[in-house]
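One structure below.
In what follows, every chain begins at residue 1, and chains take the letters A, B, ... in the order their sequences are listed.
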Protein chains: 2
Amino acid sequence: MIDMKQVAKLAGVSVATVSKTINNYREVSDETKAKIMKIVDELGYVQNSSARALSTKRSNLIGIVYSEHLHIGLEHYFFSGVLEAFKKEVENLGYDVVFINGRDIGYLKKCRVRGVDGVFVVTAETSDKGLVDLFNADIPCVTTDTPWNKIPLVYSDNVQSSIDAVKYLHGLNHTRIAHIAGPQTSISGRERLEGYRTGMKHENLPYDPNMVAYANEYDSTSGYNAMKSLLEHPNPPSAVYVVCDLSAVGAIKAIRDANMRAPRDISIMGFDDIQLASHTVPSLTTLRQDRDSIGRTLACTLIKLINKEEVDLVTKIPCQLIERESTKVKK
Amino acid sequence: MIDMKQVAKLAGVSVATVSKTINNYREVSDETKAKIMKIVDELGYVQNSSARALSTKRSNLIGIVYSEHLHIGLEHYFFSGVLEAFKKEVENLGYDVVFINGRDIGYLKKCRVRGVDGVFVVTAETSDKGLVDLFNADIPCVTTDTPWNKIPLVYSDNVQSSIDAVKYLHGLNHTRIAHIAGPQTSISGRERLEGYRTGMKHENLPYDPNMVAYANEYDSTSGYNAMKSLLEHPNPPSAVYVVCDLSAVGAIKAIRDANMRAPRDISIMGFDDIQLASHTVPSLTTLRQDRDSIGRTLACTLIKLINKEEVDLVTKIPCQLIERESTKVKK
DNA sequence: AAACTTTACGAAAGTGCTTTCGTAAAATAA
DNA sequence: TTATTTTACGAAAGCACTTTCGTAAAGTTT
């Protein structure tokens with residue numbers, strides 16, 4: 001491998017000058033810079049990031065952490081989208097992205113081994129001891145969907161979106177609007193329920209605890225079961241706002257199994273806008289999470305944090321209401 | 001940050017001995033090892049991977065490359081699954097995973113900068129000059145879905161799976177079986193078509209070129225259009241084997257739009273088993289790609305390659321036929 | 001012309017680790 | 001016992017950079 005020494009020799013300068021040229025110090029004359037860069041190109045010289053990191057104590061590496069015992073990995077629609085956007089943005093700023101796994105020595109120590117400049121904790125689970133260690137350490141961190149102490153958080157504006165959802169359904173003349181709530185251990189589950197209640201109040205609709213069913217997971221089976229329980233009510237809802245698309249799909253199935261139809265008999269509204277949403281029958285009216293904006297904001301926040309600039313501790317990104325076939329006007 | 005010098009001092013030994021202990025050389029007495037490890041634990045010492053890499057010329061880093069102008073990124077169901085499995089496996093073997101982007105200096109140079117020990121090219125596009133440079137360099141590489149010279153390839157057994165598909169449909173008494181083929185620029189597109197033809201031959205069914213329609217992308221719109229063209233045939237098929245699930249979804253929509261029903265009028269079979277597949281109406285009969293096995297095999301192959309062991313240049317992983325609602329017996 | 005400032009560069013120390021090689025001491029063989 | 005091998009360890013060089021500081025030479029100011 002070609003190193004600075006060789007470049008220096010060919011250029012007739014010292015390695016110090018080569019280094020300064022590569023890093024664009026201004027104390028090198030333009031003439032010398034040009035001469036050096038020419039040789040750099042000819043030889044195909046590239047920096048050795050390990051040597052650089054050793055010397056500067058900066059790796060230009062961003063770590064990605066996700067709790068492994070949640071089996072939400074790369075395949076999760078929301079997180080993979082956020083991650084993709086995040087990655088693009090930090091790469092534009094000159095960083096590379098490395099996965100940090102907690103094997104053997106735990107997340108924190110692994111971060112130290114790799115010398116990452118900052119980390120994005122994608123899916124946190126605060127019962128994960130290793131994650132808490134990381135959060136409590138002095139490494140710049142950002143996260144989404146899991147609030148922790150002084151760690152900057154960027155996520156969807158669940159409350160406002162839920163208010164929007166209720167308003168939208170009321171606008172379609174629905175007054176008996178139910179909510180299939182997510183696990184109350186997660187912030188999105190809690191906030192979407194809160195938004196639903198606030199929305200009902202805003203619309204001057206009565207809040208009926210029986211019109212809230214709980215999905216204990218963010219999946220379709222949970223949605224199916226929750227919908228079933230709502231259907232057992234003597235006066236079932238004419239519209240249901242569901243905590244996520246997957247559960248909404250389950251809810252639609254429950255409606256069909258009860259010999260009814262969505263949206264003919266009951267309107268269904270989801271959250272997320274997963275790929276599936278536009279392909280189901282009926283396609284889903286839903287709130288689209290702005291994965292791109294969340295990812296980019298996380299990236300900017302983290303880089304600022306690394307550079308010791310001021311950052312917002314909480315950033316809420318608006319969702320967009322996507323109207324499709326699963327909701328319709330109540331006659 | 002704590003370094004070996006501090007550990008050495010506290011243990012009353014030289015840094016050389018600490019290094020040898022950490023790396024489990026046998027020339028250190030068990031006694032000394034124990035003493036050193038105790039101090040390592042107490043101080044919370046961790047290795048500095050940059051320094052180590054600088055010295056050993058091994059980074060224990062695996063690079064992930066995917067062509068950016070295909071907009072298949074992390075969000076792609078198949079690739080994210082393969083990547084997840086790959087990642088798990090290499091992590092188990094002591095490597096970490098870093099994304100390599102082609103910005104500024106191209107993939108190859110970036111690989112050299114980071115000193116990756118090997119790279120997994122996830123989605124290749126041989127029109128990508130930077131990728132070809134990488135393939136032609138001396139860095140250990142594996143890939144899926146894009147054959148290249150001497151680069152080991154691990155992917156689904158498209159031909160055999162397609163033969164299975166035709167056999168299965170024939171087993172349901174279908175004799176007029178069409179194929180919606182994928183882009184013939186991709187190996188999977190070509191091989192699935194090849195398998196379809198071979199399957200028809202095996203089943204002693206006539207091959208009719210009019211019974212092959214081409215989807216120019218792996219998406220639902222292309223499937224929709226292809227199906228439409230098949231329906232225009234005076235004697236349309238009773239079953240269609242579609243190159244991928246997404247296109248299959250499009251095909252089903254086309255059938256519905258023609259006032260027919262799948263599988264009542266036409267059976268549809270997909271490929272992939274994406275998440276969507278079990279949620280559509282009707283749910284999709286399909287060939288499940290073994291993303292896990294593909295990812296793991298890629299990992300093992302790459303590590304072997306790094307260690308200069310022998311590897312297979314091509315590994316085909318079987319698919320599994322998943323029977324759901326979109327196919328039925330022809331009466 | 002003298003005094004001062006700026007510019008352009010290099011020597012060398014430092015970054016944290018690995019690994020070779022040398023060498024005492026201990027263990028074994030003769 | 002002496003000769004030989006083995007064991008256990010350390011000194012030091014090397015890995016490819018960055019950065020401080022010193023210093024000539026050139027430029028600027030009085």
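Put simply, CD on A:E27 is 17 Å from P on D:dA24, counting in whole angstrom units. The distance between atom CD of A:Q47 and atom P of D:dA16, rounded to the nearest whole Å, is 14 Å.
A salt bridge links B:E42 with B:K38: the closest approach of a Lys/Arg side-chain nitrogen to an acidic carboxylate oxygen falls below 4.0 angstrom.
Counting non-hydrogen atoms under 4.0 angstrom, B:V113 reaches nothing in the nucleic acid. B:V46 comes within 4.0 angstrom of sugar-phosphate atoms only, judged by non-hydrogen atoms across all strands, and of no base. Within 4.0 Å (heavy atoms only), A:S19 reaches at least one base atom of the nucleic acid. Among the atoms of the strands shown, only primed sugar atoms or phosphate atoms (P, OP1, OP2) are found under 4.0 Å from some heavy atom of B:T32. Counting non-hydrogen atoms under 4.0 angstrom, A:V13 reaches the backbone sugars and phosphates but no base.
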*Quick one: do B:K110 and B:V65 satisfy side chain to side chain contact (heavy atoms under 4.5 Å, CB included)? Show the steps, please.*
CA-CA 10 Å; B:K110 190 49 147 303; B:V65 167; over 6 Å; no
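Across every non-hydrogen atom of B:C141 and B:V121, the tightest pair is SG-CG2, 4.3 Å. Here the closest non-hydrogen pair linking A:E75 and B:S80 is CA-OG, 3.8 Å. Across B:Y45 and B:M4, no two heavy atoms sit closer than the pair OH-CG, 3.3 Å.
For the residue pair B:S14 / B:T17, a side-chain donor-acceptor distance below 3.5 Å is found, with atom types taken as modelled.
A search for side chain to side chain donor-acceptor pair (under 3.5 Å) contacts involving A:S156 returns A:Q289, not counting sequence neighbours.
Classification of the B:F120-B:F86 ring pair by plane angle, with boundaries at 30° and 60°, yields tilted. Note: B:H76 and B:F78 have perpendicular aromatic rings, judged against thresholds of 30 and 60 degrees for the angle between ring planes.
The phosphate of D:dA16 has OP1 or OP2 within less than 4.0 Å of a side-chain N or O from B:K57. Note on B:Y25: every side-chain N or O is 4.0 Å or more away from OP1 and OP2 of D:dT7.
Heavy-atom distances to DNA chain C give each of B:T17 and A:K33 a nearest nucleotide, and the one nearer the 5′ end belongs to A:K33.
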Between N or O atoms, less than 3.5 Å apart, protein on one side and nucleotides 12-14 of chain D on the other: list the pairs.
unit_1 : atom_1 : unit_2 : atom_2 : d
D:dG14 : N2     : B:S55  : OG     : 3.0

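Bracketed by its first and final contacts, the part of DNA chain C lying under 4.0 Å from non-hydrogen atoms of chain A reaches from C:dA8 to C:dG16 in 5' to 3' order.
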